[in-house]
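Since the structure comes first, as structure tokens, the remarks are kept for the end.
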Amino acid sequence: MSFEHPNRNNETIRDVELDIMSRPPEHNTTNLDLDRMNLMLDLLGHPEQSFRVIHITGTNGKGSTARMAEAICRAYGMRTGLYTSPHLEKVNERICIDGQQLSDDDFIDIWDQTKDLVALVDAKMEEQGKPKMSFFEVLTAMAIWKFADAPVDVAIVEVGMGGAWDATNVLNADAAIIGPVDMDHMQWLGNTVEKIAGEKVGIIKPGCTAVIGPQPHEEAVMPIIEEAAARNHATLVRDGYEMTVTDRMAAVGGQVATLTTPNGTYEGVPIAKFGEHQAHNALAALAAAEVVIPVNGPLDGDLVAEALSSVKIPGRIEQIRTSPTIILDGGHNVNAAEALRKAIEETYDFKQLVGVVAMMRDKQVEEYLGVLEPILSSVVVTENSWRDRVMPADELEKIAVEVFGRDRVVKEANLPDAIQTAVNMVDAEDELGVGYGHGVLICGSFVTAGDARTMLEEHASPTMQQAMAIHQPVVDPDDEQARQDADDQEAADNLDDQVSPDDFDVFDVLGLGHASTQRHGGDGTQATESDNQ
């Protein structure tokens, strides 16, 4: 508690997360409008008018493109706000100022400043027989308020789901990026690419620049995009036409490419991510940054290179460990699987790659697995922590057997067990014990990637209170750490010389016993955007 962060109710970040994330999801069929967000902005005094906006939609690539655009703007000295979803480990990740996620105190303070207004909006909606603000609408309002309060020069904002009725669409974009449009979330956006595109073009606003990524269904989608741009007198910048990626080659830690935009050509740009799709994401980010950065002509090539070579994108083809190589990817649809497969084939030379897969039951599971089947030697099917939506391991196993065959499928219902099983399978085939050519790919959902990331990183997040399906059982972190320190010291005192420093055990990494195998525990589920699972 401080003058800057009074925390009048003495709340913790977990209290605030529970307050917000226990609200209804954003995809109720009864809240497909912007009434709550418009009223909230009226109450806040329209803070969204104080900064420029890069707005990003598309079936895949939104988060990567957002982070790249933010990095370029920040490299140019602009103060930036970044709003992305979902979060992998902590809700604070969603809102960043100048490339840094909000501290717990900052996040609590924003909630303290806005929650009474949220209550007013809820009350007004109740009078009208409408639903109260969803958790995503609340988070979006908090982000907009924080961006104005900072203040930022430009906000880079990722759509939650769709476009037209998404909470973020109260913003008027200076640059509207539409990435690849493909089949996903058909129950909410429509069961054809034309209907889905019709929702996503809702972010094209009068007079903006519409930056269009490569379209896998170009003949069906581009006429819809072009009509929306013409209707809004927007400038079209299309991948493959007004902007291009050329001379692309893989490099250590990513790739190098030449990017050409309407403003100029940037040769030999280092991009710190794998895969052709990331080069096109970088191109879209660059074209959008050119719109909001107050510079005539091309940007400084050295600043662009510095920005794109330093972008870190958690959970997107992220190599988190070596020996064995462990890769995380949160993609959950066919388009994402195709991009993942191409990136791995281009970047790695695996003799053996074991998949650890947990997916949501509303996804195109068989099609997703079918795309990855050629690169996976075997697959361990499992479940992530979102119990309400995750496909049970038994059901996923049946589908996987149809795709891979019985002898290539293993079932482990608990994710830590599944990771350990995959690592054991890799170790058994690694005769040299150096991990080269052998790897584990953990994929299928951003919840899966987030769960695994927390388990595998050196400093796992503290366990969280179990409530509303997103928290863990209550523990005292200090007591838990003291017990763990004591156990670690006793183990060290008794360590035999024959134990190899290369031995890997996922439960050792977790700092948990084998009985505690789920990040959220019990029937816990995770409430995050359906558009990103």
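Computed from a predicted structure; not experimentally measured.
The shortest distance between side-chain heavy atoms of Met222 and Gln215 falls below 4.5 Å. In this structure the side chain of Cys443 reaches within 4.5 angstrom of the side chain of Val357, judged on heavy atoms. Looking at heavy atoms from C-beta onward, Ile178 lies in side-chain contact with Ile204 at the 4.5 angstrom threshold. Side-chain contact between Val379 and Leu372: absent, with no pair of heavy atoms (C-beta onward) separated by less than 4.5 Å. A heavy-atom distance below 4.5 Å is found between the side chains of Pro294 and Met78. Two residues are said to be in side-chain contact when any heavy atoms from C-beta on lie closer than 4.5 Å; Glu306 and Leu303 meet this criterion. In this structure the side chain of Asn169 never reaches within 4.5 angstrom of the side chain of Trp165, judged on heavy atoms. At a threshold of 4.5 Å between non-hydrogen side-chain atoms, the residues Asp19 and Glu11 count as touching.
Side-chain N/O atoms of Gln352 and Ser377 include no donor and acceptor closer than 3.5 Å. In this model, no donor atom of one side chain and acceptor atom of the other lie less than 3.5 Å apart for Asp451 and Thr448. No side-chain N or O of Ser103 forms a donor-acceptor pair with one of Asp105 less than 3.5 Å apart. Side-chain contact, Thr59 with Asn335: no donor N or O sits under 3.5 Å from an acceptor N or O. Counting only N and O atoms by type, the side chains of Asn333 and Asn60 include a donor and acceptor under 3.5 Å apart.
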Requested in this report: Would you please test Thr168 and Asp166 for side-chain hydrogen bond (donor to acceptor under 3.5 Å, both in side chains) and show each step?
Outcome: CA-CA 5 Å; Thr168 63; Asp166 187 75; 2.5 Å; yes
Report task. Walk me through it: do Glu48 and His46 pass the test side-chain hydrogen bond (donor to acceptor under 3.5 Å, both in side chains)? Result -> CA-CA 5 Å; Glu48 79 284 2; His46 288 280; 2.8 Å; yes
Query raised in the report: Between Leu88 and Leu328, is a side-chain contact (heavy atoms from CB on, under 4.5 Å) present by the stated rule, with each step listed?
Result: CA-CA 11 Å; Leu88 290 183; Leu328 305 180; over 6 Å; no
Requested in this report: Please step through side-chain contact (heavy atoms from CB on, under 4.5 Å) for the pair Ile156 and Phe147, ending with a clear verdict.
Outcome: CA-CA 10 Å; Ile156 300 90; Phe147 294 161; over 6 Å; no
Query raised in the report: Given the rule in the side-chain contact (heavy atoms from CB on, under 4.5 Å) test, do Val447 and Met360 qualify, once you have shown the distances and angles that lead to the verdict?
Result: CA-CA 9 Å; Val447 177; Met360 302 307 176; 3.6 Å; yes
Requested in this report: Check the pair Asn92 / Ile13 against side-chain contact (heavy atoms from CB on, under 4.5 Å), numbers first and verdict last.
Outcome: CA-CA 9 Å; Asn92 318 41; Ile13 187 64; 3.8 Å; yes
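Expressed to the nearest 0.5 Å, how far NE2 of His280 lies from OG1 of Thr65 amounts to 11.5 Å. Remark: Leu102 CG to Ile110 CD1 distance equals 4.5 Å, nearest 0.5 Å. For the atom pair Asp239 CG and Ile177 CD1, the distance stands at 11.5 Å (nearest 0.5 Å). Here Thr325 contributes atom OG1 and Phe350 contributes atom CZ; the two are 5.0 Å apart, rounded to the nearest 0.5 Å. Within the model, atoms CE of Met40 and CH2 of Trp145 stand 9.0 Å from one another, a figure rounded to the nearest 0.5 Å. Taking CG of Asp329 as the start and CD1 of Ile327 as the end, the distance is 9.0 Å to the nearest 0.5 Å.
Under the 3.5 Å distance criterion, the side-chain polar atoms of Gln255 are matched with a main-chain donor or acceptor of Lys273. Under a 3.5 Å cut-off, the side chain of Arg341 and the backbone N or O of Val371 do form a donor-acceptor pair. Panel note: side chain Asp247, backbone Ala257; no donor-acceptor pair is recorded below 3.5 Å. A donor-acceptor pair under 3.5 Å is formed between the side chain of Asp15 and the backbone N or O of Thr12. Glu318 places a side-chain N or O within 3.5 Å of a backbone atom of Gly315 that can act as its donor or acceptor partner. For Glu93 (side chain) and Lys90 (main-chain N/O), a donor-acceptor pair under 3.5 Å exists by modelled atom type. Without hydrogens or angle criteria, Arg52 side chain to Asp174 main chain gives no donor-acceptor distance under 3.5 Å. With Ser310 contributing its side chain and Ala307 its backbone, the two residues share a donor-acceptor pair below 3.5 Å. In this structure, the side chain of Lys205 engages the main chain of Leu171 through a donor-acceptor pair within 3.5 Å. In this structure, Tyr83 contributes its side chain and Thr140 its backbone to a donor-acceptor pair below 3.5 Å.
What you find for Asp182 and Ile196 is that their closest heavy atoms are O-CD1, 3.6 Å. Met68 and Asn281 make their closest contact through SD-C, 3.8 Å (heavy atoms, listed as atom of the first residue, atom of the second, distance). Taking all atoms of both residues into account, the shortest heavy-atom contact from Ala305 to Pro270 is CB-CD, 3.6 Å. Of all heavy-atom pairs between Val311 and Ala71, the closest is CG2-CB, 3.5 Å. The shortest non-hydrogen separation linking Cys208 to Ala173 is CB-O, 3.1 Å. What you find for Tyr368 and Leu340 is that their closest heavy atoms are OH-CD2, 4.3 Å.
Ionic pairing of Glu218 and Arg238 is not present here: no N-O contact between side-chain nitrogen and carboxylate oxygen is shorter than 4.0 angstrom. Using a 4.0 Å cut-off between charged nitrogen and carboxylate oxygen, Arg79 and Asp98 count as a salt-bridge pair. The pair Lys342-Glu346 does not meet the salt-bridge criterion, since no charged nitrogen lies less than 4.0 angstrom from a carboxylate oxygen.
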